[in-house]
Amino acid sequence: MIGGVTLAVLTLVAACSDQSPSTLRPGGPGARRIESLWWVLFWCSVAVCVIVFVGVALVIARRRRRGDVSQRNPLTFVVIAGAVIPFVVLAAVYGLNLRDMLALSRPENAAESQTPLTVEVIGHQWWWEFRYPPGTGVVTANELHIPAGTDVKLILRTDDVLHSFWVPQLMPKTDLIAGQTNTMWLRADQSGHYRGQCAEYCGMQHAHMAFMVVAEPRAQFDAWLKWAGSPARAQTPAQQRGQQVFAQMGCAACHTIRGTDADGTVAPDLTTIGDRWSLGAGTLANDPEHMREWIADPQQSKPGNAMPPQSVPATGMDDLIAYLRSLRQPEKEGAS
Ligand code: CUA
């Protein structure tokens, strides 16, 4: 009982915080459904607790008064309270679950979703790869851009072990299972940032397998998609030197930067790295200091990840940071 109350209080407190990606602060139709179901279950639990505790209190009070409790027909009571009522409650909840599962498996607006934006989501230990339709040429990591107010179709698969794709404010979890392709629909009503997290234990850095869903107005999203699919260009001399450092250090063997010789596919695509919300899938803030720290020794902040430490000379590191920081949408340059 105390554990249940504590959990409920913690959940409600978490839901009140502006920062928490709580299912109780839904940002789309999928999460709204889950929120409704959550409240139904919550109030059912409250009603059951109240009835049981009042019943126990009455029995104790009667026993104290009379010294014993005479049951008129204990079997009838056990059958009704222990079997019939739980069966009715659980069957009703199961029915609601089936209704919501069916609704969640389809887009919110079937007509509008005839030719939906489809994004392939690939889970890796421990980062997310988002592949946009082949014609766009866009591949990102740990940050999924979508147009707000539109159903987006996600095709989910894993490159290694089990992962689970979860954006609490938008949709319930969907697992990424080896040898299987799963599908889900995602929709955010409003523009905004919605934090997501791997929700299936997948190894040492499971906790550092976060991502961000960035929902934008359609025009802004289209502009982002066009930019993210274009070749990256090093503009200043420092950025050009940084690009050379990137090539000389062997980074290109694992990472891709569109428009350059870097076309490795085993690590996150870095074409949009200057714009991303974090480094290492939610491990570090994406700023010059943390980028320096990450490149010098990624094992320090995210032990076990696939990237080895890099010994880059100080001036080379400055140029490399200048280059990677420049890989952002032009209108965003100079911001943050
Ligand atoms: Cu991927 Cu946990």
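Counting begins at 1 with the first residue of the sequence. Indexing begins at 1, ligand by ligand and atom by atom, following the structure's order.
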Give the name of the N/O/S atom in Glu200 that lies closest to atom 2 (Cu) of ligand 1.
->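 For Glu200, the N/O/S atom sitting closest to atom 2 (Cu) of ligand 1 is O.
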
Can you tell me if CD on Gln180 sees more than 12 non-hydrogen neighbours from other groups inside 6.0 Å?
-> yes

Start with the C-alpha distance between Met184 and Leu186, add both sets of side-chain angles, then the distance that settles side-chain contact (heavy atoms from CB on, under 4.5 Å), and finish with yes or no.
-> CA-CA 7 Å; Met184 73 181 281; Leu186 196 70; 4.3 Å; yes

May I ask you to decide whether Asp318 forms a salt bridge with Arg241, counting only side-chain N to carboxylate O separations under 4.0 Å?
->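 Salt bridge absent between Asp318 and Arg241.
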
Heteroatom test (N, O or S) for Met209 near atom 1 (Cu) of ligand 1, limit 2.8 Å =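 Within the cut-off used here (under 2.8 Å), Met209 does place an N, O or S atom near atom 1 (Cu) of ligand 1.
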
Looking at atom 1 (Cu) of ligand 1, is one of the N, O or S atoms of His206 less than 2.8 Å from it?
-> no

Among Val138, Asp222, Thr272, Thr271, side chain to side chain contact (heavy atoms under 4.5 Å, CB included) partner for Trp227 |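 Going through the options one by one, the only one that passes is Thr272.
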
His163 backbone or side-chain N/O/S under 2.8 Å from atom 2 (Cu) of ligand 1 = no

